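The structure displayed is predicted, hence computed values, not measured ones. Each ligand, and each atom within it, is numbered from 1 in the order the structure gives.
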Amino acid sequence: MRRIALLGATGSIGRQAIEVVERNPELELCALAAGSSDLTELASEHGVAHVQRGGDLTELLDAAEPDVVLNAVVGFAGVGATLWALERGITLALANKESLVAAGELALAAKERGGGLLLPVDSEHSALFQCLEGRAPESVDSLVLTASGGPFRGRRRSELEGVTVEEALAHPTWSMGPKITVDSATLANKGLELLEAHFLFGVRYEAIEVVVHPTSVVHAVVRFRDGAALAHLGYPDMTVPISFALTYPERAETDVPHLDLAGGLTLEFSAPDLETFPLLALARRAGEAGGTYPAVFNAANEIAVAAFLDGRLPFLGIADVVADALERADGAPARDLEELVEADEEARRLAGSGVPVA
Ligand SMILES: NC(=O)c1ccc[n+]([C@@H]2O[C@H](COP(=O)([O-])OP(=O)(O)OC[C@H]3O[C@@H](n4cnc5c(N)ncnc54)[C@H](OP(=O)(O)O)[C@@H]3O)[C@@H](O)[C@H]2O)c1
């Protein structure tokens with residue numbers, strides 16, 4: 001029996017994770033967390049004793065003593081739980097990419113000390129993990145992350161000036177929470193994923209490419225030094241990477257339809273438009289600059305997306321706020337969580353000064 005602490009239980013990933021747990025008799029929920037949603041009903045349905053809303057999630061984890069932490073919280077709020085699991089060598093199924101992006105080196109050092117498993121739940125990284133498993137690092141030439149391109153693929157910058165929140169939330173291939181859906185529309189999500197891939201797989205930024213692939217059937221590709229490339233394919237459904245991480249290394253059955261090749265598949269690829277979607281290039285620059293620049297990118301993006309969703313910032317303003325915060329932040333490395341939290345707060349302050357209040 002594997003006991004799972006599900007953080008972000010009421011969200012898009014959280015709800016799909018509950019379905020995976022309900023389907024697998026060897027999985028059981030032992031802790032549930034959300035931001036402000038009431039968890040009483042969910043907890044009694046699943047007989048879960050350890051429940052928490054907001055606050056320091058490590059207290060919940062200390063009490064629940066899970067075998068696996070599924071971190072599906074949105075944003076920097078997930079950082080404490082990520083470090084908690086990595087430090088203790090407790091298997092971390094990670095959907096909360098923001099925590100790995102922001103904590104970067106600190107998370108890697110905690111993983112080194114803890115010696116546990118870090119299983120990505122992000123579909124592209126789950127795909128990369130599977131293509132890379134058992135391969136010698138020196139045999140790998142480069143990684144390719146695919147991006148659907150979001151609802152505004154093919155538009156020019158001038159055509160994005162007046163886009164509404166509703167339009168940004170209409171993702172063509174994935175159904176997800178509001179923050180990641182806006183991130184997909186700006187390509188900040190692919191920027192976060194580029195940073196995430198660097199930290200997860202230890203691959204330098206020049207060797208990680210992003211390509212636009214509108215149908216999201218190919219999740220990622222690994223190119224090897226002998227000229228071969230391995231790709232991971234499947235219909236876009238988060239059940240697969242969630243189930244993979246929770247049942248690893250068994251790969252349990254799911255009810256996701258199997259790939260129908262003869263029925264026709266469109267596998268088109270093209271380069272992303274970095275001028276229209278500057279957040280992808282900004283993320284790459286933040287990663288290459290190192291230190292706390294990835295944390296600044298993440299924090300400023302969180303502030304800007306919240307302001308866009310609130311109607312206080314136009315769509316194109318998101319990238320402007322992030323660019324300005326990166327320009328003004330000092331980016332000095334964080335030696336511990338306290339310094340990281342300071343860098344995050346400072347970046348939020350810088351970003352907030354560029355956003356109109358209400
Ligand atoms: N959705 C996807 O398909 C997908 C795919 C790949 C990666 N991810 C990543 O997975 C994470 C979750 O995404 P999502 O789409 O599931 O988001 P979501 O639907 O917005 O759900 C977010 C969850 O986090 C909880 N939460 C927010 N602040 C919290 C806090 N301070 N403490 C504890 N819980 C908190 C929310 O609780 P409340 O209900 O109380 O607000 C909710 O349960 C994100 O990092 C995202 O980038 C998502």
Of H125, H198, K97, the one forming a side chain to side chain donor-acceptor pair (under 3.5 Å) with E193 is K97
Using a 3.5 Å cut-off on N or O atoms only, is S123 in polar contact with ligand 1?
no
Tell me: protein heavy atom nearest atom 26 (N) of ligand 1, and distance?
G35 N, 3.5 Å
Option nearest atom 31 (N) of ligand 1 (shortest heavy-atom distance, choices G14, A77, G8):
A77
Using heavy-atom distances, let me know which of L100, V73, D38, L32 sits nearest atom 11 (C) of ligand 1.
V73
Quick one: do E65 and R3 make a salt bridge, cutoff under 4.0 Å?
no
Determine whether the aromatic ring centres of F297 and Y293 lie less than 6.0 Å apart.
no
Just go through E193, E124, E98, K97 and tell me whose heavy atom is the nearest to atom 45 (O) of ligand 1.
E98
Please verify whether a non-hydrogen atom of K179 lies at under 4.0 Å from ligand 1.
no
Between the candidates D183, N189, D122, which shows the shortest non-hydrogen contact distance to atom 7 (C) of ligand 1?
D122
Looking only at non-hydrogen atoms, the one of A33, A34, S12 nearest atom 32 (N) of ligand 1 is A34
Does ligand 1 have any atom that is closer than 4.0 Å to a heavy atom of L7?
no
Taking E167 for the side chain and V163 for the main chain, is one N or O donor matched with an acceptor at less than 3.5 Å?
no
Check E288 with R285, please: is the shortest side-chain N to carboxylate O separation under 4.0 Å?
no
Close-contact set for ligand 1 against G11 heavy atoms, below 4.0 Å:
16 (O), 18 (P), 19 (O), 21 (O), 42 (C), 43 (O)
Run the salt-bridge test on E345 and R348 with the 4.0 Å N-O cut-off and return the result as yes or no.
no
Which of the numbered atoms in ligand 1 are below 4.0 angstrom from a heavy atom of A9?
43 (O)
Within 4.0 Å of some non-hydrogen atom of S36, the atoms of ligand 1 are 38 (P), 40 (O)
N/O of T10 under 3.5 Å from N/O of ligand 1, yes or no?
yes
Going by heavy-atom distance to atom 24 (O) of ligand 1, choose the closest among I180, T181, V74.
V74
Side chain to side chain, L246 and I4, heavy atoms closer than 4.5 Å
yes
Check whether more than 12 heavy atoms from other residues, nucleotides or ligands sit under 6.0 Å from atom CD of E206, and answer yes or no.
yes
With nothing but distance in play, are any N or O atoms of W174 less than 3.5 Å from an N or O of ligand 1?
no
Please work out whether the ring planes of F269 and H213 are parallel, tilted or perpendicular, with thresholds of 30° and 60°.
parallel
Side chains of D183 and V305: closer than 4.5 Å at any heavy-atom pair?
yes
Assess whether a salt bridge exists between E275 and R157, defined as any Lys/Arg side-chain N lying under 4.0 Å from an Asp/Glu carboxylate O.
no
protein heavy-atom neighbour closest to atom 9 (C) of ligand 1 works out as A95 O, 3.1 Å
To the nearest 0.5 Å, atom CD of E45 lies from atom CD of E41 at 6.5 Å
Name the closest protein heavy atom to atom 5 (C) of ligand 1, giving the residue it belongs to and the distance to 0.1 Å.
M238 CE, 3.6 Å
Give the numbers and elements of all ligand 1 atoms closer than 4.0 Å to a heavy atom of I13.
1 (N), 2 (C), 3 (O), 4 (C), 5 (C), 10 (O), 16 (O), 48 (C)
If you compare A72, G177, S126 by their heavy atoms, the one closest to atom 18 (P) of ligand 1 turns out to be G177
